[in-house]
Amino acid sequence: MDQFKGQARLPKFAVPKRYDLTLKPDLTACRFAGSVAVDLNIVAATSFIVLNAAELSITNASVSFTNRDSSKVLKPSSVALFEDDEILVLEFPETVPIGLGVLAIQFEGTLNDRMKGFYRRQVLVGSLCTYEHNGEKKNMAVTQFEPADARRCFPCWDEPACKATFKITLDVPSELIALSNMPIVEEKNDGNFKTVSYQESPIMSTYLVAVVVGLFDYVEDHTSDGVKVRVYCQIGKTNQGKFALHVAVKTLELFKDYFATPYSLPKLDMIAIPDFAAGAMENYGLVTYRETALLYDDQHSAAANKQRVATVVAHELAHQWFGNLVTMEWWTHLWLNEGFATWVSYLATDSLFPEWKIWSQFLDEITAGLKLDGLAESHPIEVEINHAGEIDEIFDAISYRKGASVIRMLQSYLGAEPFQRSLASYIKKYAGSNAKTEDLWAALEEGSGEPVNKIMTTWTKQQGYPVVSVKATDQKLEFNQSRFLSSGAQGEGQWIVPITLSFGSYDVRKNFLLQTKSETLDVKEFLGTSIEDKGVNSWIKLNVDQTGFYRVKYDELLATKLRYAVEKQLLTATDRFGVLDDLYALCVARQESLTSLINLMGAYRDEVDYVVLSNLITISYKIESISADAVPDLLEHLKQFFINLFQPTAERLGWDPKPGESHLDAMLRGEILTALALFGHDLTLDEASRRFQAFLEDRNTPLLPPDIRKAAYVAVMQRASKSNRLGYDSLLKIYRESDLSQEKTRILGSLASSPDPDLILEVLNFLLTSEVRNQDVVFGLPSSREGRDVAWAWLKENWETLLKAYGSGFLITRFVGATVSPFATFEKAKEIEEFFATRGKPSIARTLKQSLERVSINANLVESVKNEKDLADTVKELAYKKY
Ligand code: BES
Ligand code: ZN
């Protein structure tokens, strides 16, 4: 039997066609029993049947088949569950012949508390929101199967390409709601229990099977072609489901048009789950969400929360086509699911809420993709997967954000119309089956006539991306590409880069494919005057509208012109973002100085755009942290510089929402005030404290609307310490009294921003109490320099506890990333490496390497900033400059 161990994929002697699955969860004993009958196509005569199973005990098994007109039932001669490989090997006393067979298995398992497989709700003690109904404590059971945990609920061929139909039956307490992928066909009541059976599903992968059992309410609507859509939530919260319901109905209609294929199931349920490891999960016909990603409260949710709900719903519904109907052939192509759903969620959100200018916020996806992919320890979009344990780690910024970004790059190169037409034909061609990356390229190549495969494999099979350097010489531009690495090291690689250029005006453009290492372009015809001219309209911008996944390094002349164009607001917001973000990345890689970055930032004093300001804020946090290590004497001046930079926006927006103001201004207000609070701006801290007091007295006060609550909380924590803990205790009180997840998350995200290490430690210990759900602990980790030593000591101290709670899922990687990455010395990197040397696990290996690489990038940056001679003068000049 050992021959089946250590394999990445199951042997295919038998192929499942249909599962008849019955589950009976016992919510009090936290156990479940089940039986499954699988219709098999035996494709090779075999005495073994090998399938996936984990943490199950098998109580009975048999295979039946028809042999020369007589039916036969065989009991296995041995049944072995190999937990390391998560496989169940059944050996039969004689060979099972080629043909049809039915494998029947009975099994039992535990409803676990690890948010994967078939799990139960975490019941919290001492919280006002324990799960009670009619005075009785209730529980809830939920499934989360992606990527490879269906095997923890029932024995199955748990690979995305092993698609089958599912006929599901649930045996549950009669007072509970029981949901699955398909509508109910029959419900039989038998006293305290009921047997609920569901329609047979269309062909689908195991990771999309879902079951939810518990007490819920719902709101309901229909799409124009009759799909029944419901949003389920905790009893009494249905009002909070209405926004997501609206988005879902509209999005289903939109995707039906966009993919030229209707939604394939008769119903769509979406449900808020109180304990949820990911943000949401696209189970076919039964999409599960964290509460924060589905529920919207008019009174207490912020604009950012609203946007989150819309984009998450759109993302999960995109999967109903891209992922569920057409499924990746293997996890190597996970990005097809996630990258595509991420990209198309923007398309849907933009169509529903054009005033959100969501495509300009797509820049954050690109930036995050570039950031991770700028590490030597990145991985290609198409990544080899040899073990189920490796899958969790690739749900990362490469699959999602780089994936989405290269799709956007391609769409903008091919044009929206051919792109959509080709997608629709891809969906038609592979509906009900599986596809690989190259199948998508082939469809796009056929629909557009462009060499899509050749271009795109340079982006998906190769890790990293290029920095394109441009030099202006003698009416010519010289382009050079090389791999960009945040460490500043030289990297390998060459890409086919869709280059776009604008010359002094968005009407004068040039596009071409950079296919070689370097290329020179005669640009005389595009220039109004000589290239040396520094006039207003002489700027040249590459990567117009930032649709390309690459960095640009301009020579000094071109950079000066762009800085001027930024200052004079001659560029679009997306291009202003790009100029800043590229220089910032080059600065981290020590190819440009921090002084030049600070100088450029000064050109954004009149900036009004949300995404640009939001990125300026993010960058200023990073500069603050590096400078605190490199040039501590300069810190106060730097903070003053940032305050000076952001104050005009704060004054423009004020604290109170303006009637009819934009969604983006509402989000910006919160971020700007948070930044001023973090930089220690006294007036902001005072005003925050005044409004916070009013809020403590009356949770419905107009003085603290949801959009500025986070800012106020962070401000309160700036002045809180172990000896002055009033603000902290008040925040905990609000935390305890609120039953809105978004409010709790907001508070958790603020607590550790106190500058007092002792108080930070108290916060960290609070996170491990039963008052904080396991799913939410990561939000409470500090991100400040002041917090990093405490957090690291705490992590070491609690490593075993954390491993127990999160060790078998992807959340553990967040702890490692958040605590390790803020450091900036080689000694610390070494210490961290030593700690994990004996505690390493395959599931954190990649994250650990990436985090250590970040530490060394920080360390090098700190050293080089120390040597910048003009930095202090530049900062001091800009910090007090009057405009
Ligand atoms: N398929 C994922 C859920 C998932 C993530 C399963 C990780 C297993 C491991 C789902 O479609 C998803 O991408 N959810 C995102 C939210 C989305 C809007 C980016 C998430 O969970 O963060
Ligand atoms: Zn997804």
Side-chain angles (χ1 to χ4, degrees), residues 114-117 119 142-152 158 160 204-210 244 247-248 251 255 270-273 275-294 304-328 331 333-349 358 361-362 364-365 368-369 385 388-405 407 741 745 775-776 778-779 806 808-814 843 847:
R114 287 178 288 126
M115 299 183 278
K116 57 193 268 178
Y119 68 95
V142 190
T143 57
Q144 166 62 41
F145 289 167
E146 194 183 16
D149 295 317
R151 61 191 68 176
R152 280 169 224 284
D158 199 9
M204 64 189 270
S205 306
T206 48
Y207 79 90
L208 294 166
V209 171
V247 172
T251 305
F255 286 157
M270 312 205 292
I271 184 162
I273 307 291
D275 297 282
F276 201 80
M281 175 65 212
E282 70 267 25
N283 312 301
Y284 222 166
L286 175 55
V287 183
T288 44
Y289 295 82
R290 264 185 196 239
E291 292 186 343
T292 50
L294 187 68
N305 297 131
K306 187 173 195 177
Q307 186 179 301
R308 171 84 181 152
V309 170
T311 51
V312 178
V313 169
H315 175 112
E316 303 313 332
L317 298 196
H319 279 312
Q320 306 301 310
W321 285 259
F322 234 89
N324 301 7
L325 184 59
V326 179
T327 311
M328 65 216 154
W331 298 105
H333 307 284
L334 172 71
W335 85 279
L336 274 184
N337 268 12
E338 299 305 349
F340 194 85
T342 300
W343 176 79
V344 90
S345 73
Y346 280 78
L347 194 89
T349 309
I358 199 81
Q361 297 184 54
F362 189 83
D364 294 335
E365 306 279 351
I385 295 291
E390 296 169 3
I391 308 170
D392 266 333
E393 266 199 312
I394 61 166
F395 285 83
D396 64 1
I398 300 299
S399 303
Y400 281 77
R401 296 160 184 259
K402 182 182 183 183
S405 303
I407 285 169
S741 283
T745 310
Q775 63 163 14
D776 291 331
V778 284
F779 300 128
Y806 306 100
S808 58
F810 55 86
L811 281 175
I812 191 74
T813 62
R814 307 263 185 92
S843 63
T847 307

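In each ligand, atom 1 is the first atom listed, and ligand 1 is the first ligand listed.
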Applying ring-ring contact (aromatic ring centres under 6.0 Å, His included), run through W331 and Y207 and close with a yes or a no.
CA-CA 12 Å; W331 298 105; Y207 79 90; 5.4 Å; yes
Test side chain to side chain contact (heavy atoms under 4.5 Å, CB included) on R290 and D776 and set out the steps.
CA-CA 10 Å; R290 264 185 196 239; D776 291 331; 3.3 Å; yes
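The distance cut-off of 2.8 Å around the Zn ion (ligand 2) captures these protein N, O or S atoms, sorted by chain and number: H315 NE2, H319 NE2, E338 OE1.
Protein heavy atom closest to atom 21 (O) of ligand 1, with residue, atom name and distance, is G279 N, 2.5 Å. Of all protein heavy atoms, the one closest to atom 8 (C) of ligand 1 is E146 O, 3.4 Å. With hydrogens left out, the protein atom closest to atom 7 (C) of ligand 1 is F395 CD2, 3.3 Å, a heavy atom. Annotation: atom 3 (C) of ligand 1 to nearest protein heavy atom, A280 O, 3.1 Å. Protein heavy atom in closest approach to atom 13 (O) of ligand 1: Y400 OH, 2.6 Å.
Counting heavy atoms from C-beta outward, L208 and M281 have side chains that approach closer than 4.5 Å. In this structure, the side chains of V313 and Y289 come closer than 4.5 Å at one or more pairs of heavy atoms.
Side chain of E390 to backbone of I385: no donor-acceptor contact under 3.5 angstrom is found. Distance alone, capped at 3.5 Å, is enough to place a donor-acceptor pair between the S399 side chain and the I394 backbone.
Looking at H319 next to ligand 1, an N or O pair under 3.5 Å apart turns up. Inclusion of H315 in the set of residues having an N or O under 3.5 Å from an N or O of ligand 1 is warranted. At least one N or O atom of E316 sits closer than 3.5 Å to an N or O atom of ligand 1.
Under a 4.0 Å N-O distance rule, the pair R152/D158 does not qualify as a salt bridge.
Contact record, D275 with M115: C-SD, 3.9 Å, taken as the closest heavy-atom pair.
In this structure, V312 counts as a contact residue of ligand 1, since one of its heavy atoms falls inside 4.0 Å of the ligand. The closest approach between a heavy atom of R290 and any atom of ligand 1 is not below 4.0 Å.
Every atom of ligand 1 with a heavy atom of E282 under 4.0 Å away is listed here by number and element: 1 (N), 2 (C), 10 (C), 11 (O).
Looking at E393 and T813, their side chains never bring a donor and an acceptor atom within 3.5 Å of each other.
Residues satisfying the ring-ring contact (aromatic ring centres under 6.0 Å, His included) test with F362, not counting sequence neighbours, are Y346, W359.
Ring pair H315/H319 is perpendicular by interplanar angle, where above 60° counts as perpendicular and below 30° as parallel.
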